[in-house]
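Residue numbering restarts at 1 for every chain, and letters A, B, ... go by the order of the sequence lines.
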Number of protein chains: 2
Amino acid sequence: MAEPAREQKPKWRRRAESRPDEILDAALTIFERDGFDAARVEDIAKEAKLSKAGVYLYFDAKDAILRGLIEREVAPIARNLRAMAEAGVSDPKGALRMIIAGLTELAGDRRKFAVPRLVLSVASRYPDLAAFYRENVVDQGLGAAEMLVKAGVEQGVFRPCEPGVAARSLLGPIFIHGFYTHFLLGDRGPLEPAARIEAHTDILLNGLAARG
Amino acid sequence: MAEPAREQKPKWRRRAESRPDEILDAALTIFERDGFDAARVEDIAKEAKLSKAGVYLYFDAKDAILRGLIEREVAPIARNLRAMAEAGVSDPKGALRMIIAGLTELAGDRRKFAVPRLVLSVASRYPDLAAFYRENVVDQGLGAAEMLVKAGVEQGVFRPCEPGVAARSLLGPIFIHGFYTHFLLGDRGPLEPAARIEAHTDILLNGLAARG
DNA sequence: CAACAATAACTTACTCGTCAGTCATATACT
DNA sequence: AGTATATGACTGACGAGTAAGTTATTGTTG
């Protein structure tokens with residue numbers, strides 16, 4: 001009758017290596033759904049399949065999880081943009097096209113795109129987090145675009161302009177479009193990256209182009 | 001010795017007319033500082049100089065206060081943009097210049113600019129609020145720009161393009177710049193509206209312009 | 001124009017649920 | 001045996017919203 005004590009599987013496993021990433025995965029899911037404040041650490045824990053106390057073995061506090069997400073999800077992308085810019089100074093127009101295309105694709109990824117929104121919404125209460133994000137993400141990305149605009153102007157490909165302003169003009173719309181589509185529309189609006197990339201890039205590069 | 005009961009002033013006054021506005025003023029101050037979730041209704045009440053229960057005489061719930069702020073602070077601006085666009089179809093370029101200038105000035109107003117950030121951060125939990133904002137603010141503003149681009153294309157002032165994309169390219173950078181300046185930089189970055197307006201408008205309108 | 005009733009505007013004090021973070025204890029691994 | 005990894009149960013504080021009572025104001029009546 002009674003099953004003999006057969007192969008009772010352990011109540012939990014040691015997974016010290018993989019836990020941080022699992023927690024970040026879970027946190028992103030929950031944060032994306034609820035926002036930072038309304039998200040419960042307990043829900044993140046459940047999603048990551050461990051206990052709440054378990055989460056605190058790997059992250060000191062709730063906001064440390066968000067910092068972890070910045071590090072893992074978006075900082076590498078920004079650094080990559082920077083690298084692309086450095087590699088592309090000889091062809092500013094082409095490099096800018098690539099950067100815009102890359103960012104537009106990113107803007108289609110609702111999960112990744114949730115991170116900037118989270119940072120923005122808590123920035124006033126976590127100034128350190130805001131500074132970290134600014135240095136590692138925003139300034140990298142804007143810097144990349146700025147560098148290319150400057151190079152283009154020097155090479156006579158673009159007409160003279162304020163590189164800082166031009167950089168914002170190039171990248172701003174992509175973010176606004178992402179915010180609008182993912183977080184205000186819900187699901188209703190389709191995001192047609194290819195068409196948008198073309199249209200936006202055309203307008204902007206044409207606007208920057210030196211008159212032939 | 002003891003002061004006789006002289007002219008004891010009332011413990012409070014009836015101000016049914018002015019209360020809602022006073023509460024909204026206070027709420028904006030507190031929301032801007034703390035964000036929606038971390039803001040306490042009690043703090044809003046104190047700032048507005050009445051009791052917490054008093055606030056609930058005028059607003060059903062915390063999110064109703066935010067809706068009130070949308071109505072009072074930003075919806076009128078969006079409607080105004082729309083009106084400017086309708087009045088300006090005969091001169092799309094000039095009207096767009098005016099719209100960009102107006103929005104850029106708005107982007108310098110940290111108080112007003114806090115509202116979009118608040119909405120964005122709670123949109124996923126308050127879909128009705130998000131819809132209200134979208135219909136009364138975003139769609140009005142984008143619609144205005146779109147209308148003018150379309151008119152410009154038809155009149156041959158602008159070369160053919162997707163009006164929706166162009167509208168975002170025109171307005172997106174302004175918002176991104178506002179978010180960045182007010183909420184990520186703290187206070188460090190100066191906002192030089194005049195110069196920015198010129199530079200941004202130049203790039204974009206030049207990009208849209210029909211080739212002579 | 002007092003006195004007083006009726007009501008609108010307001011407050012104090014509370015309830016009730018929530019949740020970040022901790023502590024004592026247990027289990028898996030080496 | 002010893003330790004790293006995990007858990008369940010707890011604490012302590014907090015905060016949205018409410019109930020019941022209080023005060024200012026308005027109107028009414030003799």
Any chance you could list the contact pattern along nucleotides 15-26 of chain C? Use B for base contacts, S for sugar-phosphate-only contacts and - for none, protein heavy atoms under 4.0 Å, 5' to 3'. ----SBBBB---
Nearest whole Å is fine: how far is [N] [atom2] from [X] [atom1]?
| X | N | atom1 | atom2 | answer |
| --- | --- | --- | --- | --- |
| A:Arg13 | C:dT27 | CZ | C1' | 13 Å |
| A:Leu50 | C:dA28 | CG | P | 16 Å |
| A:Leu57 | C:dT27 | CG | P | 17 Å |
| A:Arg15 | C:dT27 | CZ | C1' | 15 Å |

Within the structure shown, what part of the strands sits under 4.0 Å from A:Phe59 by heavy-atom distance: base, sugar-phosphate, or nothing?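 No contact at all - A:Phe59 keeps every heavy atom at 4.0 Å or more from the nucleic acid.
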For B:Arg67, is there an ion pair with B:Asp128 - N to carboxylate O distance below 4.0 angstrom? no
Considering only NZ, NE, NH1 and NH2 on the basic side and carboxylate oxygens on the acidic side, decide whether A:Asp37 and B:Arg125 come within less than 4.0 Å. no
Might you confirm whether atom CZ of A:Arg13 has over 12 heavy atoms from other residues, nucleotides or ligands at distances under 6.0 Å?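 No, CZ of A:Arg13 has 12 or fewer neighbouring heavy atoms, counting only those of other groups under 6.0 Å.
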Kindly check if the number of other-residue, nucleotide or ligand heavy atoms within 6.0 Å of NZ (A:Lys62) is above 12? yes
Chain A on DNA chain D: first and last contacting nucleotide, 5' to 3', under 4.0 Å to a heavy atom? D:dA4 to D:dG8
Sequence-distant partners of A:Glu47, salt bridge (charged side-chain N to carboxylate O under 4.0 Å, His left out), two or more places apart: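 A:Glu47 satisfies salt bridge (charged side-chain N to carboxylate O under 4.0 Å, His left out) with no other residue.
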If every non-hydrogen atom of A:Leu24 is compared with every non-hydrogen atom of A:Leu69, which pair is closest and at what distance?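 Taking every non-hydrogen atom into account, O-CD2, 3.5 Å.
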Verify the distance criterion only: is there a donor paired with an acceptor across the side chains of B:Tyr180 and A:Asp139 at less than 3.5 Å? yes
Can you confirm whether the side chains of B:Thr181 and B:Arg110 place a donor and an acceptor under 3.5 Å from each other? no
